[in-house]
Amino acid sequence: MGDIIREMLISHDSQETRVALLEDRKLVELYIERPKKSVVGNVYLGKVRDVLPGMQAAFVDIGLEKNAFLYVDEIVAPEDAENVPRRDIQHLLKPGQQVMVQVLKDPMGTKGARVTTEITLPGRFVVLMPFSRFVGVSRKLPESERDRLHDLVASLVPEDAGAIVRTAANGASEGEVRSDIEFLLRLWKRVQTQAHEGLAPEVVYTEMDLALRMVRDAFGEEHRRLLVDDKRLYEKVVSFLKKTSPKLVKRVSYYRDRTPLFDAHDLQPDIDLATQRVVPLPSGGHITIDKTEALTAIDVNTGRYVGKKNLEDTIVRTNLEAAEEAVRQMRLRDIGGIIVIDFIDMENAENRAQVFSALNAHLERDRTKTRAIEISRLGLVEMTRKNVTDGLFEVLTDACPRCGGTGRVLSGTSRRIAAERRMREILLSGKSSAYLFGLNPRTYELVMAPGTNALAQLRAESGKQVAVIAEEDCGPTEVRVLIEGRAGSEGGA
């Protein structure tokens, strides 16, 4: 595990921010943020709309399209109500009451956001828990370091608050931890003041944008480098790390090459694969990934792989490859909830144990909390994985309008962004001063939609003449160069 080469890439343009995590140069996690960003981590002053005793839950208006869902176990009982039965929501909340809540899960489909009154404010090294008196330490830290950090944080956090020490605190000095806690305490004071003076529904704390959030939560000593292709964002990242982890600043570089950052690392094939149902394995087998309302099923198949020895060896090798790829796809697609992996049946108990051990070894790399139950005689592994957002698959795709949602197609926004990005690359790398591009008719409509100003922006960025027409036989994201030449000639391109 210690020999893994870890890298983080951050690509930003006017359309979206993309953060990629690489292990041994392979894409394992990808996060995309567009103008309609996630609200996870935001703190709201909300108003209770309905209290449902039968469900022991409440609906809270936090100013979003759908009311948020607050379960009784996510409610911190007020100090003067400690003798109230914990699970009786009618004694804890009343309709019309104002309550401060934090978003745990984004709205998904027909469901509103999931919220809690147990507010947590994450810093670089410590997560402050204002309503708890518990100090915990990440289990991923060595025991001696856990003891040191526990005693240090316990001495710095006020008696009426709690904290969790993050893995990133490994090796942090007393000054760094103290500074982190002092910042979080000042932040909590500002949140309280805004909530006290506000009128529900109102946002009182907004979580960091994706890039800084990932730097804070995922970038550490184990990463070899961090590349950022946007100058302003690079400066923000460096400024943030100078305040929180100065030792890591030297690992951050501004990527300025002409070849786009993600193309230079050949990430697009893996991104495209994350929207596919069938994922190939190295030896010729494959896994299929099917998502339902209740769970995600991952099925393992030998495909065209017939092996070199006997059937059991063929099956074991396929299952071992599938264990690695299944975990990578879980992380890449951010699959959450109940997951069932159907490995190919293995007669030998030792082989089943070997595959399950390999699966757990790959899950160790996953930052998201997972729990796998032992492999059954039929080759089934049941597991759960915590999910917070819709995941990459939902971001990149829309429900297919022709099949009633049983299949997926690339979303209109994804098609438009991909086409505009490809045109920009051609314009910036090409030597001609005028171009006529051909696009898929639907993509042409998206690019030319009123208010997008895509062509004007491309002309301004490249200093070249640009025109587009619809071409029936173009693929959804294909950009075809029909004419290129000098401005004012070659048919007016």
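Excluded from the calculations below are hydrogen atoms, water molecules and symmetry mates; all remaining heavy atoms, backbone and side chain alike, are included.
- Side chains of His150 and Asp147: no donor on one and acceptor on the other come within 3.5 Å.
- No donor-acceptor pair closer than 3.5 Å links the side chain of Asp229 to the backbone N or O of Leu261.
- Both the sub-6.0 Å distance and the 45° axial angle are satisfied by Lys231 relative to the ring of Tyr254.
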Begin with the C-alpha distance, continue with both residues' side-chain angles, and end with the deciding distance and a verdict on side chain to side chain contact (heavy atoms under 4.5 Å, CB included) for Glu16 and Ile417. CA-CA 9 Å; Glu16 61 187 11; Ile417 290 173; 3.8 Å; yes
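- Between Lys386 and Thr370, every side-chain heavy-atom pair lies at or beyond the 4.5 Å cut-off.
- Thr397 places a side-chain N or O within 3.5 Å of a backbone atom of Phe393 that can act as its donor or acceptor partner.
- When each of Arg331, Arg224, Arg328 is tested with Glu23 by the rule salt bridge (charged side-chain N to carboxylate O under 4.0 Å, His left out), just one qualifies, namely Arg331.
- A side chain to side chain contact (heavy atoms under 4.5 Å, CB included) with Ser245 is found for one member of Phe219, Phe125, Phe240 and no other, namely Phe125.
- If you look at Trp188 and Phe183, their ring centroids are not closer than 6.0 Å.
- In this structure, Thr206 OG1 and Asn42 CG are separated by 5.0 Å, a value rounded to the nearest 0.5 Å.
- Side-chain atoms of Arg166 and Ser138 include no donor-acceptor pair closer than 3.5 Å.
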Would you check, one step at a time, whether the test side chain to side chain contact (heavy atoms under 4.5 Å, CB included) holds for Arg6 with Leu21? CA-CA 7 Å; Arg6 289 185 169 90; Leu21 299 184; over 6 Å; no
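- Residue-environment remark: CG (Leu428) exceeds the threshold of 12 foreign heavy atoms within 6.0 Å.
- Residue Arg216 holds its CZ atom at 10.0 Å from CZ of Arg124, rounded to the nearest 0.5 Å.
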Side chain to side chain contact (heavy atoms under 4.5 Å, CB included) between Phe437 and Val466, intermediate numbers included: CA-CA 8 Å; Phe437 296 122; Val466 187; 3.8 Å; yes
Residue pair Glu461, Arg424: steps toward the salt bridge (charged side-chain N to carboxylate O under 4.0 Å, His left out) verdict: CA-CA 8 Å; Glu461 290 176 7; Arg424 184 179 293 108; 2.6 Å; yes
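- Checked by atom type, the side-chain pair Gln15/Arg416 shows a donor-acceptor distance below 3.5 Å.
- Side-chain contact of Asp272 with Gln276: a donor-acceptor pair under 3.5 Å is absent, judged by distance alone.
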For Val19 and Arg213: C-alpha separation, side-chain torsions, deciding distance, then whether side chain to side chain contact (heavy atoms under 4.5 Å, CB included) applies. CA-CA 10 Å; Val19 180; Arg213 194 165 69 243; over 6 Å; no
